[in-house]
Structures are given as structure tokens and as C-alpha cells.
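A quick write-up on the structure given underneath.
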Number of protein chains: 2
Amino acid sequence: MTSSIDTSRVLDRNIGIGELARRAGCQPETVRYYERIGLLQNASRTEGGQRRYDERAVRRLAFIRHARDFGFSVEAVRELLKMADHPQMPCHEVDAIAKHHLEEVELRLQRLSALRDELRRMVSQCAGGKVESCRIIEVLGDHRLCQHEAEHGGAGDLR
Amino acid sequence: MTSSIDTSRVLDRNIGIGELARRAGCQPETVRYYERIGLLQNASRTEGGQRRYDERAVRRLAFIRHARDFGFSVEAVRELLKMADHPQMPCHEVDAIAKHHLEEVELRLQRLSALRDELRRMVSQCAGGKVESCRIIEVLGDHRLCQHEAEHGGAGDLR
DNA sequence: GCTTGAAGCTGTAGTTGCTACAGGGTTTAT
DNA sequence: ATAAACCCTGTAGCAACTACAGCTTCAAGC
């Protein structure tokens, strides 16, 4: 929170990339990266060429970081920003992006919990003897030992 | 010479990279990649320089793919293979790798389900009006609107 | 005004685990 | 002999940063 007495005018254009990054919870490199890929517009510069930011930039970067933390892809964030920049637009697109993302998250959750079950089973069945008779190695070596069969060709991106 | 009686000997060394890949559920490029990074040993070659595999290679590749599908990193797979190659070793290391992986999966599950809840909340609260009053944009713009507070600096890798 | 240490600059390369070419050569069946 | 299918190497690309190297600038203290 900007507990400001005045400072606003002085500080406003006086935020360096380090402080900006710290306040939004990322690295300066990430900020420069976002600028390079166009999520942040080119910052104003000092005479010496260093970037200087204001509070608006802090909010924008925080928005980006927050959306990224929510797992939105950079491209989705780009869309969301575009919409956030145009408050008069109807928001069904925002909604669509979020819903689509929600679906993907739910899918990943399903896969991941199936994976967890299988791992638990593997781990619990390992008697702790020799590799020869290790249940984990066995299961990994023989797909038929898996409990759930679906998508046998590969679990896809189950990160 | 190639009398059809013992196909096993003839066929055994006669698996091309395409068939190998198909049987293990991946692409030829992936096989070459695994060879390059040392997960698969250098294949024997025909006079013309094409790779030829046997059944053992099929099993090894299937093991790798299966472990990867389980979300084990390539480095973890490398360890697991080393151990699978030495059946007389005690298997507690295998167990440790699997347990460690299980923990990570469970952590990801927790984060992901928190994320799902938040997304559901966001989506359900969006009234479908203008972006101006869009709950989703609001939540993304203001971290304090999140329900769960933990790890406020960023959710880390919550894919 | 000068010095010093922290912070910032650009550009490039690395990360993970593949995938996708381009531009050739080989195998196999007919 | 020829055509189709397969395979080769090497390089570049993907996402989303991160990590340098080798330099310059800024801000604060004296």
C-alpha cells in the first residue's frame, strides 16, 4: 500500500525497474522481457537511458503477474489487458477466456489426481527389497500394470 | 539364408526408428533426441547409416515414455533407468525418487485446486455486463480480492 | 565535486522436453 | 529401374522466463 504523505509527484515518475519488479513480485529481467514482448509499453527513460516507471505501471505489472500466477498464458494475458484497457467493452470475451481456462485447469486436475493415485499405489506396493522385485520399476516397465487405462498412449501435458 | 523359420533372429535387429517410435507411442524425433541426451544408447546402424533396433530397445523406450507420462523428469528417468539396469541393487533409491515425485504431484494438486476454486468464483461472479464492472478483471487487478491468501508473492509453478 | 557501491543497460545464451523443418540419402517393393 | 516410404543430420523453434558478461549510470556520503 502506498502510505503517501505527498511523495506522489516526486515518486510518481521515479520508480526504477528494480523497485517496480519488487513491488509486483518479479525480477527486473522479467519486466524487460514483458516490455520486449509488448505486454508493457516502452518505459520512459532517464537521460542516461535507465527505465523509469509510475504507479500505473506498477498496477499493470501486478495485473500481469497476478494473471500469470493464475496460470493464464501470456497470450491470454495480452487479451485480458486489451480488455482491461477498454472498460466500455462488453465482458463476455473476458468471461470466455476465464471459462476456457477453468476447463483446462479442471482437466489438468483430473489427470493429475489420477497420476497421484497411481503413484501412491506404486509407492505403497514397493516392499523395499531389491530393484529386481521393485514394484515401481515394474509398473513403469509394463503399462498393463496400471490401474486406470484411459489415454494409454500418453497422459498429455499433465503438468 | 533368410529362411522363414527363425524370424526372431532376423526380425530382432530389424526394427526401424519409425516402428520403434510407433510401438512406444512417440515420434522418431523423440527417439533421436533420447539418444542424443543419452537415455538410449547409440543404436546400431545399417550400412547406409540408418538406425536399427531390437526388442530390448522397444522395452527400454516404453519404460522411458511411461515414466515421462507419469511426470518424472528426464533426469529422474535417467536415475530410474540406471537402477532398472542393476536389478541386484536395493531399491530404496527408486522408492525415494517416486516418493519425492509423489510429494510434488500432491503439491501441484493443492495449488491447482485452489486455483480452480478461485477461477470458479471469478467466473460465477461475473454478471456479464461491461468490462468496467467485470469481476474477473477486478480480481486480476487487485490481489486482495482473492479468497485464499497464501503465498501472496506469486503462486510459483502452479501449472 | 568526487568517490563508491548499488542498480541498470544490452545482447546473447541457457533452461525443459521435445517438435518441425530443410535438404538431402536409403530401403523396399514392384 | 523406379517410386514411395522411410530415414539422415543439423539447426531452429516453442513457453516463459532466467542468467550471465561486460559495460554504464545513479544516488548518497564525504
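Hydrogens, waters and symmetry mates play no part in the numbers below; they use all other heavy atoms, side chains included. Every chain is numbered from 1 and lettered A, B, ... according to where its sequence line falls, protein lines coming before strand lines.
- Side-chain atoms of Ile64(A) and Leu40(A), non-hydrogen and from C-beta on, do get closer than 4.5 Å to each other.
- In this structure, Met83(B) and Ile97(B) have side chains that are in contact, with non-hydrogen atoms separated by less than 4.5 Å.
- Across all strands, Arg22(A) comes closer than 4.0 Å to no nucleic acid atom at all (heavy-atom distances).
- Here the side chain of Arg68(B) pairs a donor or acceptor atom with the backbone of Phe72(B) at under 3.5 angstrom.
- Each of Arg60(B), Arg59(B), Arg78(B) was checked for a salt bridge (Lys or Arg N to Asp or Glu O under 4.0 Å) with Asp85(B), and the lone residue meeting it is Arg60(B).
- Residues Arg65(B) and Tyr34(B) have side chains that bring a donor and an acceptor to within less than 3.5 angstrom of each other.
- For Arg51(A) and dG8(C), the shortest distance from a side-chain N or O to OP1 or OP2 is not below 4.0 Å.
- In this structure, Glu29(B) does not pair ionically with Arg36(B), as no charged nitrogen and carboxylate oxygen lie closer than 4.0 Å.
- Boundaries of the chain A contact region on DNA chain D are dA16(D) to dA27(D), first to last in 5' to 3' order (nucleotide atom under 4.0 Å from a heavy atom).
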Per-nucleotide protein contact string for nucleotides 17-30 of chain C (B base, S sugar-phosphate only, - none; heavy atom under 4.0 Å):
BBSBB---BSS---
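- The pair Arg121(B)-Glu118(B) meets the salt-bridge criterion, with a side-chain N (NZ, NE, NH1 or NH2) lying under 4.0 Å from an Asp/Glu carboxylate O.
- A 6.0 Å sphere centred on CD of Gln88(B) holds more than 12 heavy atoms belonging to other residues, nucleotides or ligands.
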